[in-house]
There are 2 protein chains.
Amino acid sequence: MLVVPRAAPASIPSLDLAELRRSCRSCALHALCLPASISSEDLTSLDAIVRARRPLNRGDLLFASGTRFQSLFVVRSGSFKTTLEMNSGEQQVLGFHLPGEILGFDALSDDVHRCSAEALERASVCDAPFAQIDEFAANVPGLRRQLLRIASREVVKDHEHLMMMGRRQAQERLAIFLRSLSQRYRNLQRAPELLELPMSRHELANYLGLVVETVSRMFTRFEELGVLRVNRKQIRIVNFARLDELAGDASQDIESEAC
Amino acid sequence: MLVVPRAAPASIPSLDLAELRRSCRSCALHALCLPASISSEDLTSLDAIVRARRPLNRGDLLFASGTRFQSLFVVRSGSFKTTLEMNSGEQQVLGFHLPGEILGFDALSDDVHRCSAEALERASVCDAPFAQIDEFAANVPGLRRQLLRIASREVVKDHEHLMMMGRRQAQERLAIFLRSLSQRYRNLQRAPELLELPMSRHELANYLGLVVETVSRMFTRFEELGVLRVNRKQIRIVNFARLDELAGDASQDIESEAC
DNA sequence: CGCTGAGTTGAGTTTGGTCAACAGTCGTGG
DNA sequence: CCACGACTGTTGACCAAACTCAACTCAGCG
């Protein structure tokens, strides 16, 4: 299985056009993305459809809630948050998205984006125009199945988020989140004990269904308990076993891949 | 648009085989289900694939978490809950499902059911073997698109659940739930002010991320406020405007279709 | 008719929210 | 380069919403 060969730096200093234009075939995220179950010839055709995009800066919107859906996006580098905005103006953070993850599936229901996606740091994506993907899917059973597989994974991921939000204590929530993020780092071949949180405390608190002060206190407590070393957004997990205990048995049999 | 012609009774007194065998074409839920965007000829072929199932009794499992995925199920009558079980034994209620809704999409990610579905009352479903659906989808663009549409709707529905779980007060949560359920009744051509809750207080509390006592107190409070008339599982909404206020502005532009 | 389980109500406790002060970091511009 | 201001994050004191525990009511059922 092909994955990113080394830890991606937190910020991409120079992402040149040649880098942007490399094909799906050579993309290091290859195995994590859409083409996962597609034959070699088909992959070449898919290459023609999927285009790299100019990088986004921190705070840039990849798409906004309410806008017309046209493409699915694959995160290539950096990270994103997806949020739901309510009439009152408050927003709910739905997830944080790392390289290899696909954004936009919620819009397939009626061709309108139902949430917004915002870059948390300098980031780049691949753009997969859905009309062409769909057309292509007619002839490629593997792609058809893969699209549903990814949509379904989205559902599974949300179910895990719901489980975390349902009657869990603050410290369990944070522990579950950190454990899950660590696992995703592992999947990306990044050091699982060294987390570089791309989101603010406020965004994290919102995702966890807590206020920022509570999250802050939990980080302090975890440090006192000898579970973490915390330096602003750099988190080092020093005791995985203890972190698992703090997360409770609030897990399913299989580790989550996304958050 | 064809939908159920009259309010379905809470319990089905006699569901004979003839009833069970009626085709998708004549199914009153027609417009709500899989075939929604499929041509007349194709619908006939789909009929050959989808089969009605023997009815389930309260407490019966339609499918269990961890078992092999084979079919999608369409609720014909009655209702279901889906739940996630964690290692500790506690469970999280993910949703309640009324006629016309499709169950099993979370299993498309790896062909294993990731949650369990249990009948809340006497209920019946249609069974759509996925292998055949998928094969069929190769030739019918409408079905292919529709499958993704439904999977996506599942995601949107979960996002609404997450929004409700994130930092909302107990009374807001219950109000949001009741309003959404009322809307779903309306979609089914049932009286939107007269709710027959098929779930126990315990199950409802779990879904809302609360304890049963809190839910009970909220029902009492809503009754005192003149918003509801509560008689065990019969709920009558007597003041929709006030219910909307209690739900806060915690809603999106479009009403939820599922829960 | 009593048993069981579901639901309600009350009293007391606790977790996490609110409000406020403070510290540290970053970016801007003199 | 440093000074300033804005912003993010941390900490403390206090408060309240929801949880826990317990008693009690009611409906359904053998």
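None of these values were measured; they are calculated from a predicted model. Order of the sequence lines sets the chain letters (A, B, ...), proteins ahead of strands, with each chain counted from 1.
Counting any heavy atom pair closer than 4.0 Å across all strands shown, B:Gln169 reaches sugar-phosphate atoms only and no base atom. Using a 4.0 Å heavy-atom criterion, one finds that A:Ser216 contacts the bases of the nucleic acid, with or without backbone contacts as well. Nucleic acid contact class of B:Arg217 (heavy atoms, under 4.0 Å, all strands): base.
Atom pair A:Glu90:CD and C:dG17:C1' shows a separation of 14 Å (rounding to whole Å applied). Atom-to-atom, NZ of A:Lys233 to C1' of C:dC26 comes out at 12 Å; the value is rounded to the nearest Å. Atoms CD (A:Gln171) and P (C:dG16) sit 8 Å apart, rounded to a whole Å. To the nearest angstrom, P of C:dG7 lies 14 Å from CG of B:Leu174. One interatomic measurement links the two molecules: CG of B:Leu210 to P of C:dG7, which rounds to 15 Å at whole-angstrom precision. Atom CD in A:Glu172 sits roughly 9 Å away from atom P in C:dG16 (whole-Å rounding). In this entry the distance linking CD1 of B:Ile235 with P of C:dG7 reads 11 Å, nearest Å. Rounded to an integer number of Å, the gap from A:Asn231 CG to C:dT25 C1' is 11 Å.
The only option from B:Asn187, B:Leu243, B:Leu195 that meets the side chain to side chain contact (heavy atoms under 4.5 Å, CB included) definition with B:Ser182 turns out to be B:Leu195.
Considering only side-chain atoms of B:Arg201, the nucleotide from C:dT25, C:dT18, C:dT8 that sits closest is C:dT8.
For an aromatic pair to be called close, the ring centres must be under 6.0 Å apart, and A:Tyr207 with A:Phe96 satisfies this.
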**Request:** May I have the step-by-step check of side-chain hydrogen bond (donor to acceptor under 3.5 Å, both in side chains) for B:Glu118 and B:Thr83, ending in yes or no?
**Result:** CA-CA 8 Å; B:Glu118 182 185 322; B:Thr83 57; 5.9 Å; no

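Chain A approaches DNA chain D over the interval D:dG9 to D:dT20, counting the first and last nucleotide 5' to 3' with an atom under 4.0 Å from its heavy atoms.
The CE atom of B:Met163 sits 5.5 Å away from atom CE of A:Met86, with the distance rounded to the nearest 0.5 Å.
A salt bridge is defined here as a Lys NZ or Arg NE, NH1 or NH2 lying under 4.0 Å from an Asp or Glu carboxylate O, and A:Arg58 with A:Glu121 fails to meet this definition. Salt bridge annotation for B:Glu245-B:Arg242: present, with a cationic side-chain nitrogen under 4.0 angstrom from a carboxylate oxygen.
Positionally, the nearest nucleotide of DNA chain C for A:Thr214 lies more toward the 5' end than for the other of A:Thr214 and A:Arg232.
Note on B:Arg167: a side-chain N or O is less than 4.0 Å away from OP1 or OP2 of C:dT18.
In terms of modelled atom types and a separation under 3.5 Å, the side chain of B:Glu223 and the main chain of B:Val230 share a donor-acceptor contact.
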